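The structure under discussion appears below in the form of structure tokens.
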Amino acid sequence: MFEKWFNERWFLRIVAVALAVMLYLMVAGSNTTGKSDAASLLPIAGQGSTKFDVPVTVQYDESQWVAYNIPNTMEVTVKGPSSSLTMLRLVQDFGLSIDLKGLDPGYHRVRVTPTGFGKDVEVTPKQQTIEVFLDKKITKEVPVQVALLNKNKIAEGYVAGEAQPNQQTVEVTGGAEKLQAISAIQVPIDVTGRAETFKETFNAKATDANGNTINASYQPEQLEITVPIYKESKTVPINVKTKDNVKKGYTVVKIVPVTTEARLYGTKEELERIGSVDTEAVSLKGLTKTTEKTVKLVEPENATAMDPTQVTVNIVVEKENAKSTTETVEDRAEKTIPGVTVTLNGFDESKYTIDYNQTMDVVVRGKESDLASIDATDIKAVIDVTGLKEGTHGLPISYQTSKAFDVLRPDNMDVTLKAVPRTSVPTN
């Protein structure tokens, strides 16, 4: 029961007041009857001076305004009767107050007012006034941008993929003027020596142009970032293997995988030795009509991973001697068209530099008679980088053609974006 009382603030205040009264009576008694040995040991007789670190509170509408440059505590010097100083030490129910109510946005020099010290002591704050900045409170949603540092020092034979934050944006609440400087939540991550995918947790914070943290509240307060680390990669064409025969009286017109390329992972040396990926043998047994089948890819022995691991294959089957607008297998051929220009969509050169193959070789399929007249001007290859962040991305390629033929590969291309360093603008 008594332990519970000692944890109550009101009980401590009563005890403090009682002790102060007792000490005062003892001192008063010693002044009339002569100092006793006990009274002479008391440090509270007469006047004294002491210093406190005092909490600073601010009076203003926190739902509408944000105040800057206000210290959490300030040192004060207190002079007065020793008994009063003793009671202050025991109770510590005092503080400093700053009143900002009714002020407009901007800088203001305001008075620091002591509160709760009592009238019998003299209180002198270390600063009688302080300069504060009052700003209108707003909430702003900003994107999360992850910068991978020292990518050239990653473990040998490995590369870092695009970092994946668990939140794409963060709500920042603070002063309107301060938040003007925030365009993104920047999260730097060092990948030196990394050889496997990892996660790290960071406090969400924003900085100004000088690198100083901007005083604001963040929702969420923490971000979890996943950084994929994988072996070197390479895209290779997919070859469809078959077994068995279609039903007698039918013929295979063509066999085309929906996805024509696979990405392989491994060491650079091993990848250089791999030119293509085969499917497991697709059975044609008894087929009498066009069919779709899903078949696994055979991962090369020296690759550490592969994407995708299976593909859908279109098998076009028709009756022999049937009248059809579909070309026969013998009528169709493949041709490599060199020097096809790659066009970018959505690239913001004010934010990023970009590294990619500006031209490439494209493999097409069609009638031999048609392919003879096809060149690079008949194919437009487009890659969309809209909204992408810094890093290396494997992006799909879309094709536009001016003649009747199919584009087989490549399906995608690696594109690397690097953020343009910010430059400070000198002020006069």
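Values in this document were obtained by computation on a predicted structure and should not be read as measured data. We use all heavy atoms of the structure for the numbers below, so side chains are in, but hydrogens, waters and symmetry mates are not.
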Salt bridge (Lys or Arg N to Asp or Glu O under 4.0 Å) against [X], all qualifying residues, sequence neighbours excluded:
X: Asp190; result: none
X: Glu261; result: none
X: Asp378; result: Lys403
X: Asp361; result: none

* **Distance-only polar pair, side chains of Asn302 and Glu270, donor-acceptor under 3.5 Å** => yes
* To do: Can you tell me which residue pairs pass the side chain to side chain donor-acceptor pair (under 3.5 Å) test with a partner in residues 279-293, sequence neighbours excluded?
  =>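 Found Asp244-Ser283.
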* Asked: With sequence neighbours left out, what residues match Thr235 under side-chain hydrogen bond (donor to acceptor under 3.5 Å, both in side chains)?
  -> none
* **Sequence-distant partners of Thr353, side-chain hydrogen bond (donor to acceptor under 3.5 Å, both in side chains), two or more places apart** =>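 Not a single residue meets the side-chain hydrogen bond (donor to acceptor under 3.5 Å, both in side chains) criterion with Thr353.
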* **Lys101/Asp99 salt bridge by N-O under 4.0 Å criterion** => yes
* Output yes when Arg263 and Glu299 qualify as a salt bridge under the 4.0 Å nitrogen-oxygen rule, no when they do not. => no
* Pairs involving residues 105-124, ordered by first then second residue, that meet salt bridge (Lys or Arg N to Asp or Glu O under 4.0 Å) (sequence neighbours left out) ->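 Matches after skipping sequence neighbours: none remain.
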* Under 3.5 Å, is there a donor-acceptor pair between the side chain of Lys335 and the main chain of Leu371? -> yes
* To do: Please confirm whether the backbone N or O of Val187 pairs with a side-chain atom of Lys205, one donor and one acceptor, at under 3.5 Å?
  =>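 The answer is no, because no donor-acceptor pair under 3.5 Å joins these two groups.
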* **ring-ring contact (aromatic ring centres under 6.0 Å, His included) against Tyr158, all qualifying residues, sequence neighbours excluded** =>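 Testing Tyr158 for ring-ring contact (aromatic ring centres under 6.0 Å, His included), a comparison that skips the adjacent residues, returns none.
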* Go through the structure and list residues passing ring-ring contact (aromatic ring centres under 6.0 Å, His included) with Tyr265, not counting sequence neighbours. => Tyr230
Using a 3.5 Å cut-off and no angle test, enumerate the donor-acceptor pairs between side-chain atoms of residues 172-179 and protein atoms at least two apart in sequence or in another chain.
from, atom 1, to, atom 2, distance (Å)
Thr173, OG1, Thr139, OG1, 2.9

Donor-acceptor pairs are to be reported for all side-chain atoms of residues 70-80 against protein atoms at under 3.5 Å, with residues two or more places apart or in another chain.
none

* Which pair of non-hydrogen atoms, one from Asn69 and one from Glu131, has the smallest distance, and what is that distance? ->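 It is CB-O, 3.5 Å.
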